[in-house]
Amino acid sequence: MANEVVKKEPMFTEGYVIMPYKYSVGTLASKFFIEIRDHKKINGVKCPKCNIVIVPPRSVCIKCFNKIEDLVELSGKGTLVTYTVAHYDSAVQAMKPPYAIGVIKLDGADTAITHFIGEVDFKELKAGMKLEAVFNETRNANILDIKYFKPVKNKG
Amino acid sequence: MPDRVGIVAAAMTKFEAAKPWQHLAELVLEVTDKVVEAAGISLQKDVESIVSCSQDHWDGRTISSMPIPDVTCGHLKDESKVADDGAYAVLYGAMHILSGDHKLVLVVSHCAESHTDGTIIENWSIDHIFTRMLGLDYTLAAAMQARRYMDKYGITPEQFAKVVVKNKGNAKKNPYAQDSATLSVIDVLKSQMLADPITVMDRKPVSDGACAMILATEEIAKKLTDKPVWIKGAGNCYDPHFLGDRELADCDALETASKKAYKMAGIKNPVKEIDVVELSEYYSYQELLWTEGLGLCKRGEGGKFIDSGKTQLNGDIPVNPSGGLLSGIPITVAGMSRVAEAVWQLQGRSGERQIPGAKLAVAHGCGGICGQMHCVLVLGN
Ligand SMILES: [Zn+2]
């Protein structure tokens, strides 16, 4: 009998998970975000043992697990490794679709970071294209202080 | 200490886009009842330990395993939970037996993806310091992996689409499958574009359901069934989390996991020796990439491999005769359902999708962004 009732009229109870967090970003990321906020400079870290340059910064080398303590300044220019154009909306997206997002290897770095690609005709998106960081006017020491990466215009 | 773990029986719910008439524990109850009956055991007397797989965020509560002992006769017994993927729960259940601690284990997984918005959970699983605020989810990340795979090896969206056509077609022979269809490559390519090159048909649909199995020592497995399935090899491996730390066009973690599993099982030539593969393709391109990682073809040849027809239901090495995840299986249940399908193949219980005379099967579970973690199980009869 209960089975017939639920088939006809299933009941639901609603719930919401609303949890505010204030995450510590740690030693190196604090420096990383302050450099972006105050000087529009993107920093990586260099492993003192195997010399690879990692961005975003990590306090332990991803190759040799050596401890890393210092940041190295990168130029803010780089190369597009891969990308997509988002055509759908979702509850978590930070931009209105359509927009481009990619994995960008900064010059001098051995790893790449994920960020938006702006001021670009989607048809021109191509792996290997040169990009440079564009920063927001108002900066709050988080990853969105970088507005997006835009194509570097060829001279002449 | 026992040296072999036997899978006695497996069970699933039918997978559906929503199951509003059952709450989560009732999904577990359904598969527990089925698997206990299939194994011919007493839940109360014979099951010593319950290993479950579920995720707190998907279930919308902390300790998502809390209601499980209630429906599995688990009070005053050993109860533990594995998060992420159900294939890992099978592995953990096998470890319970290999340790000598338990002789008979119930392994179960459940998820009702229809209960919430999965993109929020995906976003919350991504690095919170440098990446989460970008609004990244698994589909955007997968699209970037698919693009990199295309660029590096010349794989095409048509080859991705062939996976959808094959798996949704196979699903017509699977009574547990949620979505089945007779499709053409053009149908897939013309469906709604989500994130270039991934269309809505290239992504697994939202799904609800559960899966369970009974694991036992060799001695007990042989007593309970004349068709025990043995776990012959296992391997699991993790890649880094950050997309920019990895070569997305290759799956190093899966290569490592499958090599470990094959070595343990004594497999030297996987494509010749393995009869059937059930793998976890959350997106169509992943089936091609995972066939490379499983050593069924060389790096960069996943496209040619689907073109060859070898992975079709009647091919040399059928991949996802069940219809795979693209036919609709929820996260967490995904990997366990691959193991269950492989078990049924080896027991000759796969009905219309049966691969005749299957003796050696590979089941694969994975999880995380762009297949960060992989678990490979080799099963034999
Ligand atoms: Zn190093």
**Complete:** Applying a strict 4.5 Å limit to non-hydrogen atoms, the region of B/R246 in contact with chain A is neither

**Message:** Measuring from atom CG of A/L80 to atom CE of B/M144, what distance do you get when rounded to the nearest 0.5 angstrom?
**Reply:** 10.0 Å

**Item:** Between CE on residue B/M133 and CG on residue A/D145, distance to nearest 0.5 Å
**Value:** 8.5 Å

**Asked** Under 6.0 Å from the NZ atom of A/K147, do we count more than 12 heavy atoms belonging to anything else shown?
**Response** no

**Prompt:** Under a 4.5 Å cut-off applied to non-hydrogen side-chain atoms, are B/T139 and A/Y88 in contact?
**Reply:** yes

**Prompt:** Counting a contact as any heavy-atom pair under 4.5 Å apart, which residues of residues 191-207 of chain B contact chain A?
**Reply:** B/M193, B/L194, B/A195, B/D196

**Nearest-0.5 Å distance that lies between atom CG in A/N3 and atom CD in B/Q22** = 9.0 Å

**Message:** Sort by residue number and list every residue of residues 122-130 of chain B having at least one heavy atom under 4.5 Å from chain A.
**Reply:** B/N123, B/W124, B/H128, B/I129, B/F130

**Asked** More than 12 foreign heavy atoms under 6.0 Å from OH of A/Y23: is that the case here?
**Response** yes

**Request:** Identify which part of A/P98 has an atom lying under 4.5 Å from any heavy atom of chain B, answering side chain, backbone, both or neither.
**Result:** neither

**Request:** Just grab all the side chain to side chain donor-acceptor pair (under 3.5 Å) pairs involving residues 120-130 of chain A, residues at least two apart or on different chains.
**Result:** A/T79-A/K130

**Request:** May I have the step-by-step check of side chain to side chain contact (heavy atoms under 4.5 Å, CB included) for B/R147 and A/T82, ending in yes or no?
**Result:** CA-CA 6 Å; B/R147 169 66 58 188; A/T82 187; 3.3 Å; yes

**Residue pair B/L140 / A/Q93, side-chain heavy-atom distance below 4.5 Å** = yes

**Request:** Give the member of B/D117, B/L243, B/D137, B/D151 that has the highest number of heavy-atom pairs under 4.5 Å with chain A.
**Result:** B/D137

**Message:** Listing request: all salt bridge (charged side-chain N to carboxylate O under 4.0 Å, His left out) pairs with a residue in residues 89-113 of chain A, at least two apart in sequence or in separate chains.
**Reply:** A/D89-A/K96

